[in-house]
Amino acid sequence: MANVIVIGAQWGDEGKGKITDLLSRSADVVVRYQGGVNAGHTIVVKGQTFKLHLIPSGILYPDTECIIGSGTVIDPRVLIAELDQIEELGISTSNLLIAETAHVTMPYHRLIDQASEERRGNHKIGTTGRGIGPTYADKSERTGIRMLDLMDSQGLRDQLEWTINYKNVILEKLYNLPPLEPQKVIDEYLGYAERLRPYVVDASLKIYDAIQRRRNILFEGAQGTLLDLDHGTYPYVTSSNPVAGGACVGTGVGPTMIDRVIGVAKAYTTRVGEGPFPTELDGELGELLCSRGAEFGTTTGRKRRCGWFDAVIGRYAVRINGLDCLAITKLDVLDELEEIKVCVAYEIDGERCEHFPTSARKFTQCRPIYKTLPGWQQSTSNCRSLDDLPRQALDYLKFLAELMEVPIAIVSLGASRDQTIIVEDPIHGPKRALLHADGSQASLLSA
């Protein structure tokens, strides 16, 4: 039995959906612990593409129980559309559960999010405009609507009549927007409540029961470490905690119940939206990575900014999350390159820095210090074992493992499930029986 957290080790969009989907075949329960419909996971199975936003990636396995945890924020309209889409593709959603304590995104959240971002002008953060930040803000202000409130028709009416009138003052006076009609919103959300009612449960109790029965549980985060509200590149961050610690808070599970943490990182680096990005590539090379990697957001379709692998933020992700191992994705995107650069440190004010600076001003001033490695200039998409990889590709992976000071468990070479090298199953295998910097595969710290 193992309880495993999967996190993004960069700025999100690392390929967590595929890795979670792969690991879900060994999991009995998959739990999404934070974020909202601003996240998107793309999974390709037998040529069929599934784009998930709120529903855990494990939904594609009929015997896997999937839970949307209390740390998430749920837009019922989007969730219902996602349920309908999945069911139309022949996938049952009977194995889905929703935490009754998860907060609900309302129409005024979306309107305020979009209007606030527009008003920021040159200082915009780059939100998706889906109302995530304002939903979490109401949660912190203790004025939010939770799923259990949605299930109580009279209580919802009483709460929303006051809340919508209050939000209307903000919409009208601050943003010059038309007010919402309270009754129209109430009727709309009562309709959503009836559709979602069969799924709503005490999720923390369900998870605890699964732990007591020694079932394998996979905790799935959205976004990535560098977008964490407390530990990311603030203020260009999301409104929740994608780091491993967020899994415990967002599901009601104690830290002593977690067995290991897996970080997912691309073989290069991307970020979407605003904010500093030391290894960002402009011009033809950046466009090549974007094109070969299909770097467009699952949720918004926004083009992702591309750059070389950044080992400084990688080591930071290892430290902040306590990573046991890594999954490296999209190695195949680098197949055509004659040489590949890796950022090993930064230069700040003329001095070498090997640690991520917490100051946003200093991070903006960082200049990458690169190590250049030879490319392999041949396709890796059909490789299914480490022995199949070109020597230079294996050397590249070894170098990343050495820089990150953590072994590599999985290498992804394309979007499909089968385009993967699993060095060791991080759920059932020994805790560190993985690819080490010297290229060996040896068991360390057996579970």
Side-chain angles (χ1 to χ4, degrees), residues 1-8 16-41 43 50 52-74 79 82-83 86 91-103 146-148 196 199-224 228 238 240-264 321-322 324 327 426-428:
M1 184 277 295
N3 299 326
V4 177
I5 300 171
V6 178
I7 62 95
K16 294 183 299 299
K18 174 183 174 176
I19 301 303
T20 304
D21 172 64
L22 282 169
L23 297 177
S24 293
R25 65 187 178 188
S26 301
D28 301 302
V29 183
V30 179
V31 188
R32 166 78 177 275
Y33 62 84
Q34 50 76 223
V37 298
N38 55 340
H41 289 166
I43 302 167
F50 298 86
L52 305 174
H53 300 279
L54 274 168
I55 298 176
S57 303
I59 197 69
L60 303 182
Y61 295 92
D63 296 327
T64 300
E65 192 170 68
C66 294
I67 300 175
I68 301 176
S70 60
T72 61
V73 293
I74 297 172
L79 177 56
E82 193 169 328
L83 288 168
I86 290 175
I91 306 296
S92 172
T93 60
S94 61
N95 53 336
L96 177 69
L97 300 172
I98 302 170
E100 62 186 4
T101 48
H103 279 248
R146 299 190 292 177
M147 289 301 296
L148 57 86
L196 297 176
Y199 300 99
V200 178
V201 298
D202 182 342
S204 65
L205 183 59
K206 288 282 185 181
I207 297 167
Y208 183 75
D209 179 63
I211 292 172
Q212 293 297 101
R213 290 189 286 135
R214 302 187 64 78
R215 304 181 77 194
N216 292 321
I217 304 175
L218 194 62
F219 296 89
E220 172 189 25
Q223 290 92 32
D228 187 89
T238 192
S240 58
N241 295 107
V243 296
C248 295
V249 177
T251 61
V253 169
T256 57
M257 297 178 181
I258 302 300
D259 296 295
R260 61 198 69 161
V261 184
I262 302 169
V264 184
N321 294 288
D324 292 297
I427 290 184
H428 286 135

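Heavy atoms only: backbone and side chains are in, while hydrogens, waters and symmetry mates are out.
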Please report the shortest heavy-atom distance between [X] and [Y], naming the atom on each side.
{"X": "M147", "Y": "L196", "answer": "CE-CD1, 4.0 Å"}
{"X": "S70", "Y": "A99", "answer": "N-CB, 3.5 Å"}
{"X": "S24", "Y": "G58", "answer": "OG-CA, 3.5 Å"}
{"X": "V29", "Y": "A210", "answer": "CG2-CB, 4.1 Å"}
{"X": "K16", "Y": "G221", "answer": "CE-O, 3.5 Å"}

Side chain to side chain contact (heavy atoms under 4.5 Å, CB included) for L83 and L96? Distances and angles first, verdict last. CA-CA 10 Å; L83 288 168; L96 177 69; 3.6 Å; yes
Taking [Y]'s backbone N and O only, do any of them form a donor-acceptor pair with [X]'s side chain (distance below 3.5 Å, no angle check)?
{"X": "E220", "Y": "T20", "result": "no"}
{"X": "E82", "Y": "H53", "result": "yes"}
{"X": "R25", "Y": "A27", "result": "no"}
{"X": "Q34", "Y": "A247", "result": "no"}
{"X": "D259", "Y": "V4", "result": "no"}
{"X": "T72", "Y": "G69", "result": "yes"}
{"X": "D28", "Y": "N216", "result": "yes"}
{"X": "Y61", "Y": "D21", "result": "yes"}
{"X": "N95", "Y": "C66", "result": "no"}

Using side-chain heavy atoms (C-beta onward) and a distance below 4.5 Å, is [X] in contact with [Y]?
{"X": "I5", "Y": "N321", "answer": "no"}
{"X": "P62", "Y": "S92", "answer": "no"}
{"X": "L23", "Y": "I262", "answer": "yes"}

Pair L60, I91 - check side chain to side chain contact (heavy atoms under 4.5 Å, CB included), show working. CA-CA 7 Å; L60 303 182; I91 306 296; 4.2 Å; yes
For the side-chain contact (heavy atoms from CB on, under 4.5 Å) test, which of L218, V31, I68 pairs with P56?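 When side-chain contact (heavy atoms from CB on, under 4.5 Å) is applied between P56 and each of L218, V31, I68, only I68 qualifies.
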Test log, rule side chain to side chain contact (heavy atoms under 4.5 Å, CB included), inputs E100 and D202: CA-CA 6 Å; E100 62 186 4; D202 182 342; 3.8 Å; yes
Check against side chain to side chain donor-acceptor pair (under 3.5 Å), Y33 and S240: CA-CA 10 Å; Y33 62 84; S240 58; over 6 Å; no
Distance in Å, [X] [atom1] paired with [Y] [atom2], rounded so as to fall on 0.5 Å steps:
{"X": "Y199", "Y": "I67", "atom1": "OH", "atom2": "CD1", "value": "14.5 Å"}
{"X": "I74", "Y": "R32", "atom1": "CD1", "atom2": "CZ", "value": "9.0 Å"}
{"X": "K18", "Y": "S57", "atom1": "NZ", "atom2": "OG", "value": "12.5 Å"}
{"X": "I258", "Y": "T251", "atom1": "CD1", "atom2": "OG1", "value": "6.5 Å"}
{"X": "I7", "Y": "I19", "atom1": "CD1", "atom2": "CD1", "value": "12.0 Å"}
{"X": "N3", "Y": "R260", "atom1": "CG", "atom2": "CZ", "value": "9.5 Å"}

Audit row: L52, I86, side chain to side chain contact (heavy atoms under 4.5 Å, CB included) steps and yes/no: CA-CA 9 Å; L52 305 174; I86 290 175; 3.5 Å; yes
May I have the step-by-step check of salt bridge (Lys or Arg N to Asp or Glu O under 4.0 Å) for R213 and D209, ending in yes or no? CA-CA 6 Å; R213 290 189 286 135; D209 179 63; 3.0 Å; yes
